[in-house]
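The block underneath contains the structure these notes are about, expressed in structure tokens.
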Amino acid sequence: MKKLAAFILLMVALININIAKEKSVKVAPAKPRAGDEVTIVYNGEETELAKTDKVEMTVYLSSSKDQKTFGIENAHSVMMEKSGKEWKAKIKTTPSTELIALTFDNGEVNDKSENNDGLGYFIKFYDETGKETEGSKLSYAMCNGYWGPSLLQLKGDRKEAYNIMTQIFSSNAELKRKFLSIYLTVTMNALEKEESEKVVLQNLDELSASKDLKDENYYLLSYHYTRLKMADKGKEFSDLGVKKFPNGSCAFMAKMSELRAEKNTDKQIAAALQMIKDFKDIGMNNNYYGVIITAGNLIKENKFDALKNMLKQDESILNNMQILSLLLDNLIKSGKENDFALQMAEKSVELCRKEWAKPETEKEAYYTEAQTIYNRKSSLGNALFNYGELLG
């Protein structure tokens, strides 16, 4: 009986902690609309920031109108002003903003954020009638079930996210098609394997029957049908994607398979260099992936003259900070061609310094200014370390 009483007291205490934390944030206006300036009042007395002398708020503006960055419009940091026991700050939203996700910290990049014990702080958006918008609901679901766990260290309720997205998509085919890739990922994480595969297959069959499929649709169909051990159907949509979009995702994956299988060094180099030109629009430096694979093979086979020749043929390779860093890491691990590695390391330091000199506002949408500075500092530090090690 004593154990039961102690357990009940513990649960009550935990509930009270959560209630206190939910009340840590006040918002004005109470029901914001897109484009509003929103005032945030934060009381950290019941949180781990109770004794801090400064509070920085990390703000993620989200919108279902923004597909490229998973619904993230922009992320930035705001230093809050102290007012009694509370901290205040204002957030400017855009005409497209449908959700604000918040965390709080003491301004140190490496320190853990206060995020309501992993549940997050969310400001939802409303229409002129005072009703939460469908876009706000969808943005919340994508944050809670997709990008929030990694970027905001949220616990993430995938099942809740799945239910919200399913309800919205049942009456909005356009939104569903736009965010189908995220929806299928959330589905696989939210449901048991047998049930999730059934739901995924149903959505794939529905998409495959649609007209005017885009490059990303063909790739999604090819990838998931293959994952579900329906290789023939996966290849069917891959081939269709290659035919209709010769510079798209399916074509890129097909070329990567051909490149990996190619045994002739000259042909592999030629294919890798051609991929830089053919797939420049698919993003995320993926068009250089063939060069990374080929360079790795050349290093393993001690074909350093061929490696140097390949890098000379396209100046963009050694002028891409991320790609140069990957190539240099592979070369350093080989323990060979120290002089050549030193030249690459010097170039890497030069590129990292140029990146460091850029305004902090030149950043990816999903990184704050502080995170951008930290990432640039880390890249420059690694480049200088490599250069120093090679000078030895």
Exercise. So, the side chain of T94 versus the backbone of T97: is there a donor-acceptor pair under 3.5 Å, distance only?
Worked result: yes
Is it the case that the side chain of E315 and the backbone of K312 share a donor-acceptor pair, with hydrogens and angles ignored and the cut-off at 3.5 Å? no
Going by atom types alone, do T133 and D127 pair a side-chain donor with an acceptor below 3.5 Å? no
_Please tell me whether V59 and F125 are part of a single hydrophobic cluster in this structure, the criterion being side-chain heavy atoms less than 4.5 Å apart._
yes
query: Regarding K280 and N285, is there a side-chain donor-to-acceptor distance under 3.5 Å anywhere?
result: no
Original post:
Are the side chains of V200 and Q202 in touch, meaning some heavy atoms are under 4.5 Å apart?
Top reply: no
Note to self: Please tell me whether F385 and L391 are part of a single hydrophobic cluster in this structure, the criterion being side-chain heavy atoms less than 4.5 Å apart.
What the structure shows: no
On a heavy-atom basis, the closest approach of F237 and S222 is CB-N, 4.2 Å
- Decide yes or no for N163 and K159: does some side-chain heavy atom of the first lie under 4.5 Å from some side-chain heavy atom of the second? yes
Same cluster or not: L201 versus I182, using hydrophobic residues (I, L, V, M, F, W, Y) connected whenever any side-chain heavy atoms lie under 4.5 Å apart? yes
Item checked: Check: N302/K336 side-chain N/O donor and acceptor closer than 3.5 Å -> yes
Can you find a pair of side-chain heavy atoms, one from N386 and one from D329, that are under 4.5 Å apart?
-> yes
- request: Give a yes or no on whether the backbone of D157 and the side-chain of E160 come within a donor-acceptor separation of less than 3.5 Å.
  value: no
> More than 12 heavy atoms of other residues, nucleotides or ligands under 6.0 Å from CD of E174: is that the case?
Replying inline: no
Next item on the list: Report the C-alpha distance between L342 and E346 in whole Å, list the side-chain angles of each, state the deciding distance to 0.1 Å, and finish with yes or no for side-chain contact (heavy atoms from CB on, under 4.5 Å).
Entry: CA-CA 6 Å; L342 187 60; E346 188 173 5; 5.8 Å; no
For L328 and A345 the tightest heavy-atom approach is CD2-CA, 3.6 Å
What one should report as the nearest heavy-atom pair of N330 and G296 is ND2-CA, 4.5 Å
Does either side chain, that of E73 or that of Y366, offer a donor lying less than 3.5 Å from an acceptor on the other one? no
Would you say the side-chain atoms of K155 pair up with the backbone N or O of D117, donor to acceptor, closer than 3.5 Å?
yes
(request) Give a yes/no verdict on a cation-pi contact between K308 and F340, requiring under 6.0 Å between NZ or CZ and the six-membered ring centre and an angle within 45° of the axis. (result) yes
Q) Around K82, counting heavy atoms of other residues, nucleotides and ligands shown, do more than 12 lie under 6.0 Å from its NZ? A) yes
Requested in this report: May I ask you to test the S325-N382 pair for a side-chain heavy-atom distance under 4.5 Å?
Outcome: no
Checklist line | Test item: N115 side-chain N/O and Q153 main-chain N/O as donor-acceptor pair under 3.5 Å | finding: yes
Which is it for K243 and D239 under the salt bridge (charged side-chain N to carboxylate O under 4.0 Å, His left out) test, yes or no, and what are the steps along the way? CA-CA 6 Å; K243 185 177 180 180; D239 291 344; over 6 Å; no
Item checked: L191 with L204, same ILVMFWY side-chain cluster at under 4.5 Å -> yes
* To do: Please assess D212 against N217 for the test side-chain contact (heavy atoms from CB on, under 4.5 Å), listing each intermediate value before the final yes or no.
  => CA-CA 9 Å; D212 301 322; N217 302 140; over 6 Å; no
Margin query: Quick test of your reading of the model: are E355 and R376 salt-bridged, counting only N-O distances below 4.0 Å?
Written below: yes
Inspect the surroundings of NZ in K244 and state if more than 12 heavy atoms from other residues, nucleotides or ligands are less than 6.0 Å away.
yes
I'd like to know whether the aromatic ring centres of W147 and Y60 sit less than 6.0 Å apart in this structure.
yes
- Please indicate whether D232 has more than 12 foreign heavy atoms, meaning atoms of other residues, nucleotides or ligands, lying under 6.0 Å from its CG. no
Side-chain contact test, heavy atoms from C-beta onward, threshold under 4.5 Å: evaluate it for I292 versus T294 and give yes or no. no
Exercise for review: Test I40 against I123 for side-chain contact (heavy atoms from CB on, under 4.5 Å), laying out the working first.
Suggested key: CA-CA 10 Å; I40 307 297; I123 300 170; 3.1 Å; yes
_Within the structure provided, determine whether L184 and N203 are in side-chain contact (heavy-atom separation under 4.5 Å)._
yes
Practice prompt. Taking the side chain as every heavy atom from C-beta outward, state whether N320 and Y288 have any atom pair closer than 4.5 Å.
Written response: yes
Value for CD1 (I168) from CG (L138), rounded to nearest 0.5 Å, stands at 5.0 Å
dist L102:CG -> L152:CG (nearest 0.5 Å) comes out at 9.0 Å
Q.
Set out, in order, the CA-CA distance, both residues' side-chain angles and the distance that settles side chain to side chain donor-acceptor pair (under 3.5 Å) for Y183 and T166, then state yes or no.
A. CA-CA 8 Å; Y183 179 54; T166 300; 2.7 Å; yes
Checklist entry - Is there a donor-acceptor pair under 3.5 Å between the side chain of S210 and the backbone N or O of L207? => result yes
Has T93 got a side-chain atom pairing as donor or acceptor with G35's backbone, closer than 3.5 angstrom? yes
Heavy-atom nearest pair, L259 first then Q268, reads O-NE2, 3.0 Å
A quick test of your reading: do over 12 heavy atoms of other residues, nucleotides or ligands sit less than 6.0 Å from OH of Y223? no
R353 atom CZ, over 12 foreign heavy atoms within 6.0 Å: no
Note to self: Under a 3.5 Å distance rule, please check whether D105 uses its side chain to pair with a backbone N or O of S113 as donor and acceptor.
What the structure shows: no
query = Any donor and acceptor pair, going by atom type alone, linking the side chain of K363 with main-chain N or O of Y367 inside 3.5 Å?
reply = yes
Of all heavy-atom pairs linking T39 and K90, the shortest is OG1-NZ, 3.2 Å
Can N319 and K347 be counted as having a side-chain donor-acceptor contact under 3.5 angstrom?
yes
Notebook entry, point to check: How about F104 and Y121: are their ring centres within less than 6.0 Å of each other?
Noted result: yes
(request) Please indicate whether K255 has more than 12 foreign heavy atoms, meaning atoms of other residues, nucleotides or ligands, lying under 6.0 Å from its NZ. (result) no
Report task. Dump the intermediate steps for salt bridge (charged side-chain N to carboxylate O under 4.0 Å, His left out) on K198 and E194, then the final yes or no. Result -> CA-CA 6 Å; K198 181 180 178 181; E194 185 176 346; over 6 Å; no
Worksheet item: Given the rule in the side-chain contact (heavy atoms from CB on, under 4.5 Å) test, do I317 and L273 qualify, once you have shown the distances and angles that lead to the verdict?
Response: CA-CA 9 Å; I317 300 171; L273 292 172; 4.0 Å; yes
- request: Examine distances only and state if a side-chain atom of T372 and a backbone atom of T368 form a donor-acceptor pair shorter than 3.5 Å.
  value: yes
Test the K131-Y126 pair against the cation-pi criterion, namely NZ or CZ under 6.0 angstrom from the six-membered ring centroid and within 45° of the ring axis. no
Under the salt bridge (charged side-chain N to carboxylate O under 4.0 Å, His left out) criterion, do E98 and K137 qualify, and how do the steps go?
CA-CA 8 Å; E98 295 173 317; K137 294 175 185 177; over 6 Å; no
Original post:
Are I282 and I293 connected in the hydrophobic side-chain network, where two residues link if heavy atoms are under 4.5 Å apart?
Top reply: yes
- [ ] For atom CD of E301, decide whether the heavy atoms of other residues, nucleotides or ligands shown that lie under 6.0 angstrom number more than 12.
- [x] yes
dist H76:NE2 -> Q371:CD (nearest 0.5 Å) comes out at 12.5 Å
Smallest heavy-atom separation, Y225 atom then S208 atom, equals OH-OG, 3.7 Å
Side chain to side chain, Y42 and T47, heavy atoms closer than 4.5 Å: yes
